[in-house]
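Take a look at this one; I'll ask things after.
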Amino acid sequence: MAKTFAEINAKIKKGEAVVLTAEEVVRMADEQGLKAMAEKVDVVTTATFGPMCSSGAFVNFGHSDPPIKMAKVWLNQVPAYTGIAAVDAYIGATELAEGREDYGGAHVIEELVAGGKIRLKAVAQGTDCYPRKELEGYISKESINEAFLFNPRNAYQNYVAATNSTNRILYTYMGMLLPKFGNVTYSTSGQLSPLLNDPYLRTIGVGTRIFLGGTQGYVAWHGTQHNPGKARGENGVPVGGAGTLSLIGDLKAMTTEYLKAAVFKNYGVSMFVGVGIPIPMLDEDMARFVTVRDREIKTTLLDYGVPGRSRPTLKVVDYEELKSGFVELNGRKVRTAPLSSIFKARRIAVTLKEWIERGEFLLQEPAAPLPADATVKPLDVKELD
Amino acid sequence: MVKERFTFVFSPDTYAKPVTYHLVKDFDLRINILRAEITPGEEGHLLAEIEGEEDNLCRALEFLAAESIEVIPTTKQVTVRQEECVHCGACTAVCFSGAMAMNREEWKMEFRPEKCIVCGLCIEACPLRIISVGFGGGKT
Ligand code: SF4
Ligand code: SF4
């Protein structure tokens, strides 16, 4: 029954492709059996909408008259990196506005996407070819040249769940963790999550076309901290954070429905990013992968009360438990809460499905695979003499 | 005579104090406990309706402040700008009263103001900053 990308694309173009979301495909396999499902279905859509710190955008402001070679740039008082060409800059999602804790790069990106006016300030040393030394005024997505989202690490394949053994509230990127194991938070969309439906990244690689922030985007590279060597369960699904993706897409075509600034108290700013990835049903192996269920996806529950790099694993839990609202810990029922929105992830999976059904979105076979043997090094610097 | 609703917030150090006893005995107040969530060693909340002479109520509130027990009048109402909610669930992690809870079918966050004890934790927890507390019982 093996199918190729080209065969599936031919069906998409004719409007004949059968597309299901990763949740729908599980139900179909239950009702009709794996083999029958694998024959019928061509594409499975997966999605996630969670806070992803490793996000940001490249922008090109255009040249002023007289021109300026920007040495330092602020967008709504948020510093952007401009150690590249004269009027290019990178605005990182987590960069904070000077003197503020609740406004950062993610807010600038969201406002830019919304079409708002952004206050640009730039200073420069002044050169013969770029004499101007200062510039201040407003820009918008209409006024600037390129603006593209370029996220070094998104779509984490699984992630730990967090709790807190200490006596005080911990304010973390995993949300507020209440004292004495008062709650547990987790942050993937489970069986709907992209890289959990293709655990060995057989169909996802450099150049894969995806849903990103409400428009079409691409996988640019493997993400930072990509760790395919992470321990896996029998079904191939890694237990805890493993593969990651670096993503790219046209910021001007995105919408604030799928790109949202987030503030985590006493931690900082991050950005909710909506990502959807289509998985082609190439063969029965893929059929098995895309029918992964919450109870088959396991992760480690870590104590964020331990400040070190190696936090102790309290327990291995699965997503069926996490999504039930409670997990058992030390003989007690502890409340669980998500941080990534399954509601939004479902919308993304359905939107992507509709794009494919309408023939507006074709699958792109990877130009190169992602590394299958990368590992993550810790940072152990040599002490200064 | 006045009648008002308050949420008392207890810390792990203050939960063991016989507060209601003092309110009845020393200040001649009538207390109707509407909700209580107190687990030894953790922060606890008590929602109560208190009735008595205005003067006594004022002195009782001073007494509670001196005992390091936070008192929040429920005329402060928590509101959520629902249309901006992304249903991430971060607020449900900290809401002990269950006022902010996930609907696990649709995975939408649903707010039931009648359960809220105005502890304020969700306001800090919401990454979109769309939860606020205001005086005067605004719309919920
Ligand atoms: S203030 Fe927020 S967290 Fe506290 S009880 Fe009310 S809804 Fe729940
Ligand atoms: S934390 Fe904020 S955005 Fe998230 S579900 Fe609660 S109210 Fe909605």
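Bear in mind that the values here come from a model prediction, so they are computed numbers and not experimental data. Keep in mind that the numbers below use all heavy atoms, side chains included, and drop hydrogens, waters and symmetry copies. Chain letters run A, B, ... following the sequence lines, proteins first and then strands; every chain starts at 1.
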Answer whether the closest heavy-atom distance between the side chains of M109(B) and F343(A) falls below 4.5 Å.
-> no

Given that the side chain runs from C-beta out, which part of E124(B) has a heavy atom under 4.5 Å from chain A: side chain, backbone, both or neither?
-> both

Most chain B-contacting option - heavy-atom pairs closer than 4.5 Å, from S324(A), S187(A), A261(A) = S324(A)

Side chain, backbone, both or neither: which part of D102(A) has an atom under 4.5 Å from a heavy atom of chain B?
-> side chain

Per-residue contact mode, T185(A) against chain B (heavy atom under 4.5 angstrom) = side chain

Just wondering, more than 12 heavy atoms not from R293(A) lying within 6.0 Å of its CZ?
-> yes

Determine whether more than 12 heavy atoms belonging to other residues, nucleotides or ligands lie under 6.0 Å from atom CG of D28(B).
-> no

Here the gap from M176(A) atom CE to C91(B) atom SG, rounded to the nearest 0.5 Å, amounts to 11.0 Å

Closest heavy-atom pair, L339(A) versus A90(B), reported as atoms and distance to 0.1 Å, is CD2-CB, 3.8 Å

If you look at every heavy atom in T336(A) and R104(B), which pair is closest and at what distance?
-> O-NH2, 4.1 Å

Got a donor-acceptor contact below 3.5 angstrom from the R335(A) side chain to the C95(B) backbone?
-> yes

Heavy-atom distance under 4.5 Å between the side chains of I169(A) and L121(B), does that happen here?
-> yes

Do other residues, nucleotides or ligands put more than 12 heavy atoms under 6.0 Å from the CZ atom of R30(B)?
-> no

Under a 4.5 Å heavy-atom cut-off, does chain B meet the side chain of Y173(A), its backbone, both or neither?
-> neither

Mark yes when over 12 heavy atoms from residues, nucleotides or ligands other than R112(B) sit less than 6.0 Å from its CZ; otherwise mark no.
-> yes

Any donor and acceptor pair, going by atom type alone, linking the side chain of S341(A) with main-chain N or O of V86(B) inside 3.5 Å?
-> yes

So what's closer than 4.5 Å to chain A heavy atoms on C126(B): side chain, backbone, both or neither?
-> backbone

Evaluate side-chain contact (heavy atoms from CB on, under 4.5 Å) for R346(A) paired with H87(B), printing each intermediate quantity in order.
-> CA-CA 12 Å; R346(A) 281 184 179 164; H87(B) 308 285; over 6 Å; no

Between F96(B) and G182(A) the two heavy atoms that sit nearest each other are CZ-O, 3.8 Å

Neighbour count above 12 (heavy atom, 6.0 Å) for E49(B) CD | yes

Under a 4.5 Å heavy-atom cutoff, which of N183(A), V269(A), V263(A) has the most pairs with chain B?
-> V263(A)

Working to the nearest 0.5 Å, report the span between CD of E84(B) and NZ of K260(A).
-> 6.5 Å

Considering residues, nucleotides and ligands other than K17(B), do more than 12 of their heavy atoms fall under 6.0 Å from its NZ?
-> yes

Would you say E54(B) has more than 12 foreign heavy atoms packed within less than 6.0 Å of its CD?
-> no

Should C88(B) and F49(A) count as side-chain neighbours, where that means a heavy-atom distance under 4.5 Å?
-> no

Heavy-atom neighbours of E110(B) CD exceed 12 at 6.0 Å | yes

Least distance between heavy atoms, G89(B) atom then A337(A) atom | O-CB, 3.7 Å

